[in-house]
Amino acid sequence: MDQVSTDKLLRDLRVVVEDAEALIAATAGQTGEKLEQIRQRASESLAAARDRLAEAGTEIGAKARAAAKSTDDYVHENPWTAVLIAAGLGFLVGSLSNRR
């Protein structure tokens with residue numbers, strides 16, 4: 001899964017967690033043993049989901065830092081190659097933007 005899809009999935013999951021928390025809060029005034037059990041299970045599931053989201057965010061951050069370090073190392077080891085790649089990309093972007 002690419003980074004954009006992963007970021008979107010994490011954002012969507014955060015929204016679901018927030019909505020579920022709001023639903024639990026909205027039903028807090030209602031009574032009943034069955035409803036209380038459902039709220040308790042939902043709260044536990046949300047806590048677990050929140051923890052998994054935090055772990056995923058940490059993991060994604062670590063991967064991004066590793067990719068940045070790898071890129072930095074490559075540029076330092078191959079400066080002229082990096083300059084040529086950057087110039088080529090700049091030329092390509094410039095050519096594509098002039099077509100409009």
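Thr58 contributes atom OG1, which lies 12.5 Å from atom NZ of Lys63 (distance to the nearest 0.5 angstrom). Of the inter-residue distances, the one linking Ser45 atom OG with Gln40 atom CD reads 10.0 Å to the nearest 0.5 angstrom. Asn78 contributes atom CG, which lies 11.0 Å from atom CG of Leu84 (distance to the nearest 0.5 angstrom). A distance of 14.0 Å separates CD1 in Ile85 from CH2 in Trp80, rounded to the nearest 0.5 Å.
Under a cut-off of 6.0 angstrom, the local environment of CD in Glu44 is crowded, with over 12 non-hydrogen atoms contributed by other residues, nucleotides or ligands.
Every side-chain contact (heavy atoms from CB on, under 4.5 Å) that Leu13 has, sequence neighbours left out, goes to Leu9, Leu53.
A donor-acceptor contact shorter than 3.5 Å links the side chain of Thr71 to the backbone of Ala67. A donor-acceptor pair is defined here as one N or O able to donate and one able to accept, closer than 3.5 Å; such a pair exists between the side chain of Asn98 and the backbone of Gly94.
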